[in-house]
Visitor: 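The structure's right below; bear with me while I get my questions together.
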Amino acid sequence: MSFADLGLIPELLNAVADAGYTEPTPIQRQAIPIVIAGHDVMGGAQTGTGKTAGFTLPLLQRLARHANTSTSPARHQTRALILAPTRELAMQVYESVKTYSRHLPLRATCIYGGVDMNAQIQELRRGIEIVIATPGRLLDHVQQKTINLTQVEMLVLDEADRMLDMGFIPDIRRILSLLPANRQSLLFSATFSEEIKKLADQMLKNPQMVEVARRNMVSETITHVVHPVSSGMKRNLLAHLLRHQPDTQALVFVDTKLVCGRLAHFLERHGISADSIHGDKSQQQRTETLEAFKAGKLRVLVATDVAARGLDIDELPYVINFELPHTAEDYVHRIGRTGRAGHKGNAVSLVCAEEKHWLSEIEKLIKLQIPQEVVPGFEPEPEFFEAGKGGRGRRSAADRTDRVEKTEGARERAPRATQPAAGGKRPPRPTIAPDGFDFSKPYEPATPVPVVDTTTSIAARPDEPPRRGQRPVAFLLGGLGRK
DNA sequence: AAAAAAT
């Protein structure tokens, strides 16, 4: 089975060949002929299955039927609209459209927030057939009458479930009301809740179902592992793991924007090139950081769930859950950034006692018992191994205090600097960082990692998180505040 | 539970 067998026109076949693809993926085999035939599609595909090309190629072919000919009623009008939930995702679809449309006289542009509107307006004035957009900025253009959607022939809703989660429903409905009723619509979603079905009912006419096997929710080329660890030692363990895999890149997920930035700083201070990406960063920073990571200029990208879905990073070997996601579905999306297109991938999760509950939810969903490996020197709280304990529901203030003490205890037990032999060379002091990191540990990465002078850089940083001894107070206050 | 998205 080749792309030619799917009925694609030569211009598209050439573009596919230019991009180096030879064989269509299952979702492409299913979707391409259906879309070319003009049907609406309800697609149940995970990302990383070739979904984007699966709708981009036939969409271009439909538009190419009368591309910019003088007889075309919609010459240089917006004829296709693709909506995506995040800016990065929109950009990625745009790249795909650009790649496959290179031999066709069709123009595409990407419309999203966080950047200057004027450049987008100029671009739209040129006459653009294919617009890839996030909903908010698109509506902004609609309001300013800088885009006309009355000639749209094709609509794609990508990652529809995510759009729902993000509260985009009103925006989507609004956009739908602006489009001609006589159009072809494609809806892609990883899950099918009642709400998605409702949306599909309103949006699609006699849709054909396209679905890749449900059981392959999680790529089989991914190796999963859980490292039980106390919450206080997580970042040290992360640095430890990264130092033992010196040549690999890793995408590290955290739950909050605050932790995101701090963790990236922590890794940088420990000589591991890292940066962070989250929604509070400027769009320019987000774009640049992602580019740097994709280009291999950055070893570690610390991210919130802004990067959890759909992002395609070539041959990314490691996804690390620094914090376990609180829904099992998020786990599937996060680790879906690795093990793509048949490559091998590793999904590593650092799990403390409080997170055990989420772990069992995840294992239920992916129908897989994830092996647990305690890394020596980074043992978890004892309660991690106690059946039924850990993380279910809210914790009382007393519990929280207890947890802090346990965490501090774990730090006390962390390996101490070895005493220098009398008369021997003294290592620089202190060798134990305030956060408990032990610099004297005999790390021997295969290739040396650049060493930063952590003793001075830590002392010099005014924006450090609170030192030991202050933290329990904050925890206590938080606990009391709950009542 | 937090994050994402128009300003």
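Residue numbering restarts at 1 for every chain, and letters A, B, ... go by the order of the sequence lines.
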Visitor: So, OP1 or OP2 of dT7(B): does either fall under 4.0 Å of a side-chain N or O from Arg137(A)?
Guide: yes

Visitor: Would you indicate what Gly167(A) reaches in the nucleic acid, counting non-hydrogen atoms under 4.0 angstrom: base, sugar-phosphate, or nothing?
Guide: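 The residue Gly167(A) makes no contact with any strand.
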
Visitor: Measure from the side-chain heavy atoms of Thr256(A) and tell me the nearest of dA6(B), dA5(B), dA2(B).
Guide: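 Shortest atom-to-atom distance from the side chain points to dA2(B).
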
Visitor: Whether Asp314(A) and Lys294(A) form a salt bridge (side-chain N of Lys/Arg under 4.0 Å from carboxylate O of Asp/Glu) is what I want to check.
Guide: no

Visitor: Report the distance from atom CZ of Phe168(A) to atom P of dA5(B), rounded to the nearest whole Å.
Guide: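 After rounding, the gap between these two atoms is 7 Å.
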
Visitor: Tell me whether the guanidinium CZ or amine NZ of Lys356(A) lies under 6.0 angstrom from the six-membered ring centre of Phe384(A) and within 45° of its axis.
Guide: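 That pair qualifies as a cation-pi contact.
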
Visitor: What do you reckon, is CD of Gln144(A) surrounded by more than 12 foreign heavy atoms closer than 6.0 Å?
Guide: yes

Visitor: Without decimals, in angstroms, what is the distance between Ile175(A) CD1 and dA6(B) P?
Guide: 10 Å

Visitor: Using atom CD of Glu323(A) as one end and atom P of dA1(B) as the other, report the distance to the nearest whole Å.
Guide: 14 Å

Visitor: Nearest whole angstrom, please: distance from the C1' of dA3(B) to the CG of Leu311(A).
Guide: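 Nearest whole value for this atom pair: 14 Å.
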
Visitor: Between dA3(B) atom P and Arg87(A) atom CZ, what is the distance in whole Å?
Guide: 15 Å

Visitor: With the side chain of Asp330(A) defined as its heavy atoms from C-beta on, choose the nearest nucleotide among dA5(B), dT7(B), dA2(B).
Guide: dA2(B)

Visitor: Could you check whether Glu153(A) pairs with Arg79(A) (Lys NZ or Arg NE/NH1/NH2 to Asp/Glu carboxylate O, under 4.0 Å)?
Guide: yes

Visitor: Would you mind classifying the nucleic acid contact of Asp165(A) as base, sugar-phosphate or nothing, using non-hydrogen atoms under 4.0 angstrom?
Guide: base

Visitor: Looking at Glu159(A) and Lys51(A), does any basic side-chain N land under 4.0 Å from a carboxylate oxygen?
Guide: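 Here Glu159(A) pairs with Lys51(A) in a salt bridge, since their nearest N and O are under 4.0 Å apart.
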
Visitor: Going by heavy atoms closer than 4.0 Å, what residues in residues 116-123 of chain A are next to DNA chain B?
Guide: none

Visitor: Considering only dA5(B), dA3(B), dA6(B), which nucleotide approaches the side chain of Gln143(A) most closely?
Guide: dA6(B)

Visitor: Within this structure, what is the NE2-to-P distance between His278(A) and dA2(B), rounded to whole angstrom?
Guide: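 Roughly 16 Å, once rounded to whole Å.
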
Visitor: With the threshold set at 4.0 Å, does a side-chain nitrogen-carboxylate oxygen contact exist between Lys198(A) and Glu195(A)?
Guide: no

Visitor: Are His227(A) and Phe378(A) near enough that their ring centres are under 6.0 Å apart?
Guide: no

Visitor: To the nearest Å, how far apart are Leu83(A) CG and dA5(B) C1'?
Guide: 13 Å

Visitor: What is the distance from CG of Asp280(A) to P of dA2(B), rounded to the nearest Å?
Guide: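 Roughly 14 Å, once rounded to whole Å.
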
